[in-house]
K.L.:
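My questions all concern the structure below.
Keep in mind the model is a prediction, meaning the values are calculated, not measured.
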Amino acid sequence: MTRLLTSILMIGTLGYTLYRYRYRLMNVILGTGYLRRILVRSMMSFPGIRKKMMGAVFSGPSNW
């Protein structure tokens with residue numbers, strides 16, 4: 001019982017810490033070229049995200 005409670009407490013603390021410092025963590029990840037490449041490559045493997053990104057990048061101005 002104590003081990004389960006300790007595990008739940010540690011997971012909760014880790015989740016809170018990641019949530020609290022999420023922007024700082026993202027800056028570190030996106031500031032590192034190798035990690036940024038891995039992140040972009042993994043996100044572009046999802047069809048919905050890839051379709052939205054390609055549509056936003058290659059579409060012309062909307063008021064033309």
Side-chain angles (χ1 to χ4, degrees):
M1 183 67 182
T2 305
R3 187 173 178 179
L4 177 66
L5 188 60
T6 305
S7 296
I8 291 172
L9 185 64
M10 292 299 288
I11 291 171
T13 304
L14 180 67
Y16 173 74
T17 304
L18 288 175
Y19 178 76
R20 183 171 178 185
Y21 296 110
R22 64 189 181 271
Y23 296 115
R24 190 173 295 180
L25 184 64
M26 283 180 56
N27 283 336
V28 168
I29 290 172
L30 295 177
T32 307
Y34 181 71
L35 292 176
R36 183 175 52 235
R37 230 175 273 133
I38 290 173
L39 182 67
V40 169
R41 188 175 296 152
S42 66
M43 293 308 267
M44 292 300 268
S45 68
F46 294 112
I49 294 175
R50 183 176 52 224
K51 184 177 177 183
K52 268 190 172 179
M53 289 294 289
M54 291 302 171
V57 169
F58 293 116
S59 67
S62 60
N63 60 356
W64 283 25

K.L.:
For the backbone of Thr17 and the side chain of Arg20, can you confirm whether one donor and one acceptor N or O come within less than 3.5 Å of each other?
P.N.:
no
K.L.:
How many angstroms lie between atom CG of Asn27 and atom OH of Tyr23, to the nearest 0.5 angstrom?
P.N.:
10.5 Å
K.L.:
Excluding sequence neighbours, so at least two apart, what forms side chain to side chain contact (heavy atoms under 4.5 Å, CB included) with Val40?
P.N.:
Arg36, Met44
K.L.:
In chain order, what residues pass the side chain to side chain contact (heavy atoms under 4.5 Å, CB included) check against Ser45, with sequence neighbours excluded?
P.N.:
none
K.L.:
Which one of Thr6, Leu5, Leu4 satisfies the side-chain contact (heavy atoms from CB on, under 4.5 Å) criterion with Thr2?
P.N.:
Thr6
K.L.:
Could you pull out all residues at least two apart from Leu14 that satisfy side chain to side chain contact (heavy atoms under 4.5 Å, CB included)?
P.N.:
Leu18
K.L.:
Check for me, please, whether Met53 and Met43 land in the same ILVMFWY cluster - side-chain distances under 4.5 Å, paths through other members count.
P.N.:
yes
K.L.:
Please say yes or no: joined through hydrophobic side-chain contacts below 4.5 Å, possibly via intermediate residues, are Phe46 and Met54 part of one cluster?
P.N.:
yes
K.L.:
Do you know the tightest heavy-atom contact between Leu39 and Ile29?
P.N.:
CD2-CG2, 4.4 Å
K.L.:
Is the cationic atom of Arg22 (NZ for Lys, CZ for Arg) positioned less than 6.0 Å from the six-membered ring centroid of Tyr19 and within 45 degrees of its normal?
P.N.:
yes
